[in-house]
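All chains are named by letter (A, B, ...) in the order of the sequence lines, taking the proteins before the strands, and each is independently numbered beginning at 1.
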Amino acid sequence: TSTANAATPKAGGTLYFLEHTPRLDHYDPSRIYTGRDLAFMNSFHTRTLVAYNPVPGEKGTTLVPDLATNTGVPSNEAKTWKFTLRPGSTFEDGKAITCEDVKYGTSRVFATDVINDGPAYLQSWLDIPKNADGTSTYTGPYKNTPAGVAAFNKAVTCKGSTITFNLNKSIADFNYLATYGVISPVQKKLDTGDKYDLNPQATGPYKIVENSATQLRLVRNTKWKKSSDPVRTPYPDEVIIQFGLDEEVIDQIMLEDTIPNAVNFGGPLPTNRDKFFKDAKFADRRMNNSDPYARYLAFNLVKMPCLEIRQAMYYARDAKALLDYAGGPDYAGSYATGVISPLLATDFEATKVVGPSDYKNTADVIDATTGFKPSGNVAKAQAYMDAAKTKCPADYKKATETGIVIDGRPSASDNDTIPINVAAYARVGIKISYNLIKSGYYPTVMDATKQSDLSTSGWGADWANASTVIPELFTTAGGFNLSQNSKDPAYKAFEDKVNLAMKTTDRKKQAALWKELDKEAMKNFWVLPTLFGKAQEIWGSAVQNVFFWVPQGNLAYGKLWINQ
Amino acid sequence: MSSPLLSVRNLQKYFPTSRNVGFRKEKLQVKAVDGISFDLMKGETLGLVGESGCGKTTAGRTILKLIEPTAGEIIFEGQDITKLRPGLMTPLRAQMQIIFQDPFSALNPRQTVGKIIAAPFEIQKVTPEGGVKKEVAGLMQRVGLNPEHYNRYPHEFSGGQRQRIGIARAIALKPKLIVADEPVSALDVSIQAQVINLIDDLQKADGISIVFIAHDLSVVQHISDRVAVMYLGKIMELAKTEDLFTAPHHPYTTALLSAVPQPDPRGERNRERIILKGDLPSPINPPAGCVFNTRCWKVQEVCRSKTPELLTVGKSQVACHFPE
Amino acid sequence: MPRFILRRAYFATLTILLVSIVVYGVFSILPFDPAALTCGQKCTPAIVEANRVKLGFDKPLWQQYWLFLSGIFLGRTYGAGSAEFTCPAPSFGYSFNENMCVTDMLAEALPVTINLAIGAFVIWITVGVGLGLLAAKFRGRYPDTISSVFVLLGTSLPTFVTGLFFLIYVTIKWKIVPLSLEGFTPITESPVKYLQYFILPWLTLAILYAAFYTRFTRATVLETLGEDYIRTARAKGLSERVVLLKHTMRAALAPITTSAGLDIAGLIGGAIITESIFNLAGLGRMTLQAVYEFDLSVVVATTILAATVVITMNLIVDIAYGYLDPRVRMK
Amino acid sequence: MVSKLKSANASAAGQIISRSPRQIAWRRFRRNKVGMVSAGISIVVLMLSLFAPVVCKILGINPDELNLDLIDSSGIPTLPNGGISREHPLGLTPGIGRDLLANLLYGSRISFLVAFLTTGLAIFIGLIVGIVGGYFRGRIDDYLGRFTDFLLAFPAFFMIVALSEPMVARIQETGIAQGNSARVIFLIFFLSFFGWPGFSRLVRSQVLSLRERDFVTAAQAMGASRKRIIFKELMPNLWAPVIVVVSLSLPGYLAAEAVFSFLGIGIQPPATTWGILLDNARRFVTVYPNFFLITAGSLVLVVLAFNLVGDALRDALDPRSER
Amino acid sequence: MKNLLEIKDLKVTFPTDDGFVQAVDGVSISVAPGETVAIVGESGSGKTVTSLSVIGLHNRKVTQITGSILVKDKDESLDIVSAPLDKIRSYRGRVVSMIFQDPMSSLHPYYKIGSQLAEAYLVHHPGKKEEANKKALEMLSLVGIPEPQVRAKEYPHQFSGGMRQRVMIAMALMNDPAVLIADEPTTALDVTVQAQILQLLKDLQKNLNMGILLITHDLGVVAQVADRVHVMYAGRIVEQGNVDDIFYSPHAPYTLGLLKSVPRIGSRGSERLKAIPGQPPSLINLPIGCAFAPRCEYISLADENSCENLRPQLLGNSDSHKSRCHVPEEKRDKLFTAEIKGART
Ligand SMILES: Nc1ncnc2c1ncn2[C@@H]1O[C@H](COP(=O)(O)OP(=O)(O)OP(=O)(O)O)[C@@H](O)[C@H]1O
Ligand SMILES: Nc1ncnc2c1ncn2[C@@H]1O[C@H](COP(=O)(O)OP(=O)(O)OP(=O)(O)O)[C@@H](O)[C@H]1O
Ligand SMILES: [Mg+2]
Ligand SMILES: [Mg+2]
């Protein structure tokens with residue numbers, strides 16, 4: 001992690017972000033869920049009740065008050081949370097932000113037909129009765145029943161400038177959710193539902209003045225007052241995301257420093273990484289960090305019930321070739337040992353269930369504890385296959401004859417890995433093929449009937465607690481269980497332990513439980529962990545004060561300034 | 001008197017066309033052939049002359065039922081073939097053949113001469129004595145082509161030779177009737193004579209009846225027994241060749257005769273010429289009454305209102321109110 | 001003449017209607033649940049169902065089409081309760097990916113594509129017809145050789161190869177044309193930025209078509225030069241220049257105009273590659289994006305729009321042909 | 001002067017003896033050096049593609065073999081010249097280090113398959129519709145003409161792009177084919193679906209003018225059946241224009257396949273086609289220009305060669321259009 | 001120079017794929033004021049090539065032309081074969097005009113008749129628009145087109161064939177040329193219309209004292225309008241003379257054959273036509289000797305083998321009547337005259 005020179009920041013100038021995709025997924029605070037977009041919008045545009053401290057290093061993970069004057073006060077065994085709003089903060093139209101605005105903002109996520117894609121914690125945690133199918137009886141502000149509204153008004157209450165959330169269970173880290181826009185002020189009379197996404201009211205120092213197919217342009221929000229915002233420091237006059245640029249073009253711009261005040265929003269192409277990282281010229285303009293994601297393949301247990309086959313696939317994999325292809329340890333990260341990323345707070349030091357005992361060790365030798373070998377432990381994999389042959393002959397036949405189908409999203413680099421995988425699994429007689437889903441990947445694979453035998457996926461914690469990882473991925477209550485593991489013999493015990501962990505308010509003890517659960521999930525081979533990834537950042541020579549914002553897993557965009 | 005080989009009665013062929021007139025789309029008819037009648041005896045040659053567009057080709061093709069007639073009757077060997085279905089026509093087709101004006105388009109460029117001449121046998125499923133190949137060679141010899149050129153393609157022959165190929169094909173099945181549609185118009189003078197002689201010879205030898213279409217009066221006069229002069233889809237005059245040329249009764253015939261230049265400078269210098277005014281009117285909208293009235297120097301009021309019938313005048317049949 | 005135009009216009013309208021039915025039908029019977037696609041990562045059947053109702057996909061197909069069609073004239077309302085909103089007429093639907101009325105998206109994208117098409121058209125016509133004329137005039141000599149090399153390369157180089165070359169070398173490596181970051185700027189605002197934005201896309205598109213028109217012009221001109229009336233013109237004592245530029249070009253004008261009209265219509269929907277390489281926010285890129293995301297309302301709208309342009313252009317070309325060719329005019 | 005002329009003529013005259021139209025075209029074609037060279041190249045490329053497995057075996061190259069050890073962390077071959085050597089005649093593909101030549105050869109098979117089948121299908125439909133319309137004329141022709149006009153009103157390329165994903169999904173759903181087979185089917189079907197109207201117009205206009213020719217009337221006068229007239233009289237005269245348009249549309253479809261792969265809506269990796277290779281090459285164009293040059297060069301070369309063969313064929317088969 | 005046009009020893013050769021086509025081989029023709037000179041000959045005998053040479057319309061880069069074509073313009077005269085193109089252009093349409101065989105395709109379909117006519121005037125009288133228009137109307141009425149003001153505003157396709165040929169003639173006469181070349185002006189027309197056009201040409205010539213070079217393959221037309229005749233065969237002139245000489249005492253066997261093979265009105269219909277056997281030769285493959293020898297029935301009258309091996313010269317006892325033949329002229333004169341008489345009865 002490098003920090004560019006700590007000279008006195010200067011205000012002014014335009015800060016460019018060069019981006020390949022045609023737009024960000026969402027701008028509506030209730031709908032943003034992607035780490036980078038969140039870091040961006042929260043840095044400039046949207047204020048939340050509490051925020052991560054935008055400073056380098058570990059300190060960045062601490063919560064600081066933002067719109068609220070505190071970081072949340074729990075009571076009633078953390079079933080009730082109170083936040084008091086800071087006076088003097090306004091929307092971009094000058095209207096003061098009230099408790100009612102925040103309450104209204106939280107109500108919106110219940111209108112799932114309009115406000116989608118955002119984190120769904122509020123729906124499951126707020127103390128509102130649920131229907132038989134698990135949906136909330138409250139259906140949001142647009143279209144609802146009096147009973148639903150009454151329930152919601154009981155769950156979220158306003159008293160002066162204090163907002164109270166009543167939860168249906170103890171949530172020790174509920175205040176972390178308050179770093180998300182799902183709990184942020186929205187003016188009822190300006191809410192345009194779906195269309196609010198295009199130009200949401202700013203509460204931070206910048207507001208949107210153009211949101212088109214080519215750019216998102218933010219300029220200073222004149223109604224914003226430094227005095228009311230302890231977190232943000234607006235330096236540039238304008239912030240622009242330039243969309244749809246060819247990735248190669250972006251890299252070339254960076255290499256040539258054509259636009260010194262620009263940041264490569266998506267990171268350099270793999271092909272150009274060496275140019276940036278092997279050349280001292282770019283020493284002040286590059287960064288290579290672990291990213292907050294754990295990557296894995298989720299076994300669909302409904303179609304892959306045989307543990308031995310799953311194990312064989314794990315050991316037969318040529319992880320080394322894949323890591324090398326992805327850029328080696330320098331650029332691509334390390335062999336994943338579970339689904340909890342090492343970037344998560346220190347109490348989640350990586351578990352040693354599968355993979356190398358030390359995830360930083362990339363030597364191609366058999367790991368004594370786990371039997372993992374980066375280039376594949378073919379002997380061990382073969383042994384599992386042999387076992388499978390007698391134990392679950394039907395699955396064995398499928399693996400060796402029909403072939404195992406893996407869901408994936410088409411991408412230039414993933415395409416290349418297909419032959420690598422085909423060759424690796426062939427070593428133990430496993431046939432694989434790919435089902436590449438272009439659009440609507442998750443809606444497709446989340447549907448157990450449409451999901452193939454394995455699905456490529458990745459997950460990062462929503463905040464620095466594995467409570468946003470293990471239950472999400474491995475329980476039926478979680479929102480992202482691609483493993484379909486409820487029929488697995490080990491599931492019941494696992495779920496009980498998860499519930500126990502959720503109730504544990506002591507962070508240390510809770511963390512220990514999560515680690516054990518991570519281990520268990522790995523032992524059951526519900527997923528096949530692949531990488532703890534890395535990400536590279538590149539920026540122009542005029543961009544100053546660049547540092548990695550650990551909890552967001554991205555740069556602290558709000559702290560950048562332009563050296564003119 | 002023996003019965004005619006072919007009788008044509010009041011034959012009509014109107015082609016439908018349309019034209020945008022101001023705001024309306026007008027449905028029109030090209031009166032290409034508008035009620036012609038004649039008989040053709042066995043072994044007789046009937047010349048059909050007239051200016052371009054007067055309906056000669058249409059008449060010739062309609063007679064052979066290559067074009068469905070609009071009205072009238074075609075009686076071939078006593079059989080009314082006007083309404084005959086194509087399937088029933090097929091065997092009759094061996095009896096009636098056609099020779100074309102354009103020796104280039106009349107032969108399929110992708111077939112050898114041998115194939116072209118053998119086609120009638122193939123189509124009519126006739127196997128001549130001694131086989132098709134021998135018969136074709138004989139035919140080639142007969143029309144003055146070298147039988148060794150059996151495997152050549154049409155483009156390797158001159159216009160006159162190509163016309164001979166067409167003739168060989170037409171006579172292959174020994175038809176009783178041949179419509180020769182301007183068979184020599186596209187040929188050079190020196191070649192024209194060869195082909196005329198050939199047709200003449202074949203006709204004499206086989207006793208074929210020929211409808212000989214031409215726009216050149218001299219040619220028609222040379223080859224025909226009788227001549228019909230057509231104007232705007234109608235027969236103006238029909239007579240024995242000698243009668244027609246020595247004593248034309250219709251003003252149009254007279255004008256036509258006087259317009260044909262002869263290779264005789266002295267005669268030409270002294271010749272009184274009748275120069276017709278204007279052009280052939282459009283067959284879409286022919287003049288009322290006598291179709292020739294717009295160009296006739298003898299025109300009277302009756303010509304503009306009443307269509308003259310084809311009546312016998314002297315030895316000829318003439319459609320004129322004031323025949324000479 | 002007006003009658004003729006009216007009749008053609010009537011048929012054109014009918015064709016457009018038919019095209020819209022076919023396009024709408026084809027896309028609607030496809031095995032996609034737009035409701036599910038707009039539902040996000042954490043999706044429940046209830047959400048899908050609610051979405052479906054909101055999008056109008058719960059109705060029978062013909063009703064959906066009717067809603068679509070009437071939306072064009074009357075505007076269309078989506079959602080319910082206080083989140084209800086209207087896409088005013090002419091409404092081509094609503095994109096749930098972009099959270100925009102499709103009409104607004106079209107309004108944003110269309111000027112870009114039109115400017116792209118017209119600029120490229122001007123270049124290709126000038127270059128194509130000019131080179132074609134030269135090649136015909138100096139038939140068999142070196143201008144002809146050069147033009148035939150141009151034709152061959154132009155028609156054999158895929159657009160994306162030339163486009164990428166321009167982008168990476170001309171703009172970034174050699175910096176001949178500065179990179180345009182700001183997006184579409186109307187020429188009235190800043191001609192320099194306008195040019196900067198369009199010049200390379202124009203060239204990319206124009207090369208292909210210019211090659212085609214060079215070949216076409218050359219062939220047409222050569223054919224015309226062989227006509228008897230050109231011999232007549234020469235026999236009058238006219239100079240070669242007048243013969244070529246007046247008599248020959250006049251005759252070549254009709255076919256060139258016809259095919260140019262159709263080609264430019266094709267570009268409205270066909271500049272996909274150029275637009276995506278140069279990141280022009282035009283109709284083509286918008287459609288491609290929508291295809292990637294299964295944004296059916298956008299795809300349906302752009303397809304129908306593109307077809308409408310083609311059909312309309314066909315109509316215009318037909319009428320223009322009547323004016324250009326007196327023989328047709330009189331019929 | 002005179003005598004010299006005569007002797008020259010005498011020898012020329014000797015050759016004029018009996019030549020079929022095909023022989024004449026062939027002779028004219030043979031005289032076109034560019035056309036001959038292009039034809040040579042095209043045939044060699046087609047043969048190489050057809051016998052790709054054999055060729056690869058002989059050269060000792062394997063399209064599926066990975067050479068990860070020869071690739072650096074940027075995905076570029078570490079050997080000089082991108083690994084061009086005796087083992088890898090055109091070097092390695094970046095990323096995972098497959099043999100480029102082997103991949104070009106195997107890749108060309110799908111590209112050619114799409115191009116040939118599309119052309120074949122389009123010309124087949126075009127021939128049927130064109131002949132039916134041109135020969136029978138009247139109402140049938142009217143309807144067919146309307147329909148082709150209607151099809152031509154669709155922006156074809158645009159429609160194919162728009163339909164690609166949904167249609168492929170449809171094909172997969174019906175179970176006709178999965179994955180890339182479905183995509184190949186889609187491409188062939190839709191390219192030819194929007195391609196045949198062009199062919200049918202050409203065929204129709206040819207048939208319309210042919211059937212006015214007297215040899216068709218002659219056949220009718222002999223009592224020939226429709227079948228005979230169509231197959232024996234008309235068809236042989238259609239081959240020349242058909243061959244020309246086929247040879248000119250093949251390279252078009254070849255390039256089209258590449259474009260669709262480039263846009264990400266054509267054949268999908270891990271299959272190899274030229275479009276996919278080119279799309280890859282694009283990613284590596286600045287760091288590994290060889291790859292781009294070789295792949296783009298191959299495509300341009302083949303398209304160029306096919307185009308030139310088409311031009312030469314046109315010149316040879318249609319004497320009016322001498323260049 | 002008393003003649004308006006003097007072609008001397010014109011040779012035109014086209015290089016083709018199959019060899020050199022010697023389309024015209026040593027043709028000499030002259031035209032005096034008020035005179036109509038005809039060229040007759042079969043298709044491909046080089047008539048059109050000769051006429052196009054006169055206004056320099058061959059592509060000079062590929063066509064090899066030798067000899068001279070002198071055209072008289074008032075006091076100066078110009079050799080079309082060697083003159084610069086600009087100079088030739090200033091003669092075209094002004095001194096020498098041409099009308100073509102096919103009136104259907106010889107008018108520009110996209111321009112109005114009036115403007116096409118006016119253009120012919122404007123080329124040589126730049127800037128005089130009004131005069132040009134006036135002259136155009138004048139010329140249209142001169143060639144007998146009714147309502148010239150109306151018709152001038154119409155397009156060629158609105159005219160019938162005969163009308164178009166009249167327009168072509170009017171166009172050729174816009175600048176009162178000295179020589180008019182008419183290449184088969186009536187071949188595409190019907191006899192009745194042909195008669196109109198020939199009459200028109202005759203009248204115009206009388207009024208304007210033009211020299212006309214008339215090209216045709218129709219002997220009847222020649223007989224009707226020509227003063228002098230050149231008969232061409234395979235690129236060469238085989239006989240030239242006054243009309244009467246040619247028609248009543250032909251000296252070349254080809255001319256005789258031609259005259260005998262035409263059917264005439266009034267001749268006895270039942271008799272066979274006297275056809276010339278064989279085909280005209282290909283111009284690339286000309287016999288070494290007399291080009292007509294393979295088809296000639298009088299070879300036996302000539303010196304042994306001379307017809308096959310020697311090319312005959314254009315000779316004659318009188319200056320005005322010459323022919324190419326190895327048979328001694330005395331023999332031919334009587335024999336041919338007798339034959340032609342026989343054929344005529
Ligand atoms: N298929 C057709 N459809 C419409 N009109 C036709 C058709 N065939 C012929 N005609 C018209 O019918 C009239 C007579 O044509 P036809 O070909 O029979 O004349 P013709 O006497 O043979 O002329 P020519 O001497 O030029 O051959 C012409 O006006 C012609 O335009
Ligand atoms: N540009 C050319 N290139 C090659 N050969 C040519 C060219 N122009 C004419 N010829 C040949 O020259 C010969 C004479 O042609 P020309 O047109 O003068 O004949 P013609 O006497 O006018 O015949 P027609 O009566 O058919 O018009 C022909 O054999 C022709 O093929
Ligand atoms: Mg006719
Ligand atoms: Mg000529």
### Message
I need the residue from E:H124, E:R94, E:E119, E:M98 with the largest number of non-hydrogen atom pairs under 4.5 Å to chain C.
### Response
E:E119

### Summary
Interface check, chain C: of E:V123, E:I88, E:N175, E:L85, most non-hydrogen pairs under 4.5 Å belong to E:V123

### Proximal component of C:A233, with respect to chain E [non-hydrogen, under 4.5 Å]
neither

#### Entry: Engaged part of E:Y111 at the chain C interface, taking heavy atoms whose separation is under 4.5 Å
side chain

## Note on the structure
Whatever's closer than 4.5 Å to a heavy atom in chain C on E:M174 counts as neither

#### Entry: E:E147 atom CD: more than 12 heavy-atom contacts under 6.0 Å
no

#### Entry: Residues which pass ring-ring contact (aromatic ring centres under 6.0 Å, His included) with C:F121, listed by chain and number, not counting sequence neighbours
C:W124

### Query
chain C contacts: which residues in residues 99-108 of chain E have a non-hydrogen atom closer than 4.5 Å to it?
E:F100, E:D102, E:S105, E:S106, E:L107, E:H108

### Task
Identify the residues of residues 45-58 of chain E whose heavy atoms come closer than 4.5 Å to a heavy atom of chain C, ordered by number, or report 'none'.
E:L52, E:I55, E:L57

### Message
Can you tell me how far apart CG (E:N59) and CZ (C:R139) are? Round to the nearest 0.5 Å.
### Response
9.5 Å

### Summary
Interatomic distance, NZ@C:K236 vs CE@E:M171, rounded to 0.5 Å, equals 4.5 Å

### Message
Tell me every residue that passes salt bridge (Lys or Arg N to Asp or Glu O under 4.0 Å) with E:K153, counting only those two or more places apart in sequence or in another chain.
### Response
none

